[in-house]
There are 2 protein chains.
Amino acid sequence: MYVTIFSERSAKSCAPRVLEAPSKLPPVRLKAGRYLYHEGDEVQRIYRIGSGVVRLTRLLEDGRRQVISFGYPGDVVGFPAGGVHHTDCDVLVDTKLQPYRLTALRDGDGDPVLHQALLSSALNEISAMQDHFMMLGRKSAAERVASFLFVITERFGEDREGGRQITLPMCRSDIADFLGLTTETVSRSFTALRKSGVIALDGIQTVIVLDPKALQALSDGYAS
Amino acid sequence: MYVTIFSERSAKSCAPRVLEAPSKLPPVRLKAGRYLYHEGDEVQRIYRIGSGVVRLTRLLEDGRRQVISFGYPGDVVGFPAGGVHHTDCDVLVDTKLQPYRLTALRDGDGDPVLHQALLSSALNEISAMQDHFMMLGRKSAAERVASFLFVITERFGEDREGGRQITLPMCRSDIADFLGLTTETVSRSFTALRKSGVIALDGIQTVIVLDPKALQALSDGYAS
DNA sequence: CGGGTTCTTGACTATCTTCAACGAAAGTGG
DNA sequence: CCACTTTCGTTGAAGATAGTCAAGAACCCG
């Protein structure tokens, strides 16, 4: 899950991402906190997320961390390069995963539809990551946080009176490491959005977006 | 071409990137300054770069630009998402390209070796982009510039007495937009590297790396 | 050689980080 | 179930890094 605002065109193009193809492998269930794989592990399977949320991270020797993406239902994680995983993947919200053999990505295991679906997921991943570059390289802290909240709201928000509500399964430092910021800066951006009436907070995890248009404008860099 | 320093493991895993599979399509030659495709264009072909250098860019409405990557010989560019290109691609150095049909990515056009090679390129692209996230999200300006020069030197440097020499086909603003910096900051980082004796400059485009170890150390964040 | 672009450098500013303190929430053990 | 401890989140003040603005130097091209 990347959070740059898609253009009309790219949004449309990224639509066919979910696949419900059958598989010979039984689903995997993992509790919050468990790891699906670690960086350097040999790639055995790739996984489509059925329910729950996972987190993909990379570490630098000195402890600096980058959250590569959050995996939400419909996303596919675990694409290999050179036969090994290049991120850690752990579970934020109890998760049900559909595993696929690597051969399914390579040739479909005799199922052309599955093959196409997995390939499309990989290609959409490339496109989404390109969008995320713009965020990390060229957007301000306020724009990044607004983008993050806006995209999650669009994909997973539930209508409430007065706005759309989302539950954030990740902590502030996850958001910070995803957006290339510090927890303090993320926290201050949340506060600024709250004080300007764009969002309301109900506890730490629950965000109600009161003014989606303003949030979108902020995420594109148009100061409200 | 992404410029984060690969770990031992990932470096090894990214080795099999070049492919020399035959194709039914004739090679394409483009002069510097010409566009291979634009954002939004329907994807007709993907291309392996035989010689030359290309540049992939994305734009924000307000003019902010992100250089997504530089395409060097052996790299594959033009991976589609939803049937359209999501970047502009133009030529920095006169280029010879080997085009492939989309069907070659999907099923190999009856050539399993080609199919595997293109798929591997796409997957390696994902891994390389994940590394680049770390750069944009978590590295300082000095580390980014050092990483950039180090990786180009490793891949394309030519031995000279007293160091390894590279020719940069892109201008400072390209480097800046690739690393998420300004041209001034890139220029200052070059100057700092020159004054500390790590590199020498011979004109604007030619860099001689005098102390590769120091450059690598700087790129990993170990102050010299 | 001349004009225009690109690069470099300097001074100043803004943004984000760092450091520190405090409060709230969550986990633990009696 | 409650007190204690620990972690997480927020806020403030100070500081550092990179950006902005501006001018001059180097480079490129005709």
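Side-chain N/O atoms of A/T183 include none lying less than 4.0 angstrom from OP1 or OP2 on D/dC8. When the side-chain nitrogen and oxygen atoms of A/T191 are compared with OP1 and OP2 of D/dT10, none of them lie within a distance under 4.0 Å.
Remark: of the listed residues B/R55, B/R48, B/R155, B/R155 is the sole one forming a salt bridge (Lys or Arg N to Asp or Glu O under 4.0 Å) with B/D75. The side-chain hydrogen bond (donor to acceptor under 3.5 Å, both in side chains) test with B/D177 is passed by exactly one of B/R64, B/R58, B/R65: B/R65.
Checking A/V186 against A/R138, the closest nucleotide of DNA chain D that is more toward the 5' end is the one next to A/V186. Residues A/G180 and B/R194 both approach DNA chain C. Their nearest nucleotides, taken by heavy-atom distance, put B/R194 toward the 5′ side. Along DNA chain C, the nucleotide nearest to A/A141 and the one nearest to A/G203 differ in position, and the one closer to the 5' end is contacted by A/A141.
Residues A/I152 and A/F70 fail the side-chain proximity criterion, which asks for heavy atoms closer than 4.5 Å.
When the C1' atom of C/dT6 is taken as reference, atom CZ of B/F190 falls 13 Å away, rounded to whole Å. Across the protein-nucleic acid pair, B/R188 atom CZ and D/dA18 atom P stand 11 Å apart, rounded to whole Å. Atom C1' of nucleotide D/dC8 and atom CE of A/M170 are separated by 16 Å, given to the nearest angstrom. C/dT15 atom C1' lies 12 Å from atom CD of A/E143, rounded to whole Å. D/dA18 atom P lies 22 Å from atom NZ of A/K139, rounded to whole Å. One interatomic measurement links the two molecules: CG of A/L181 to C1' of C/dT15, which rounds to 11 Å at whole-angstrom precision. A/I204 places its CD1 atom 12 Å from the P atom of D/dT11, with the value rounded to the nearest Å. Here C/dA25 presents its C1' atom at 16 Å from CG of A/L168, a figure rounded to the nearest Å.
The B/T182 side chain lies nearest to D/dT20 when the options are D/dG9, C/dT8, D/dT20. For A/S187, the side-chain atoms get nearest to D/dT11 when compared with the rest of C/dT9, D/dT11, D/dA18. Of the candidate nucleotides D/dG9, C/dT9, C/dT6, C/dT9 has the atom nearest to the side chain of B/E184.
Judged by distance alone, with hydrogens and angles left aside, B/Q205 brings no side-chain donor or acceptor close enough to the base of D/dC27 to form a pair under 3.5 Å.
Taking the six-membered ring where the residue is Trp, B/F156 and B/Y72 present parallel rings, their angle staying beneath 30° rather than reaching 60°. Using cut-offs of 30° and 60° for the angle between ring planes, the A/H132 and B/F133 rings count as perpendicular.
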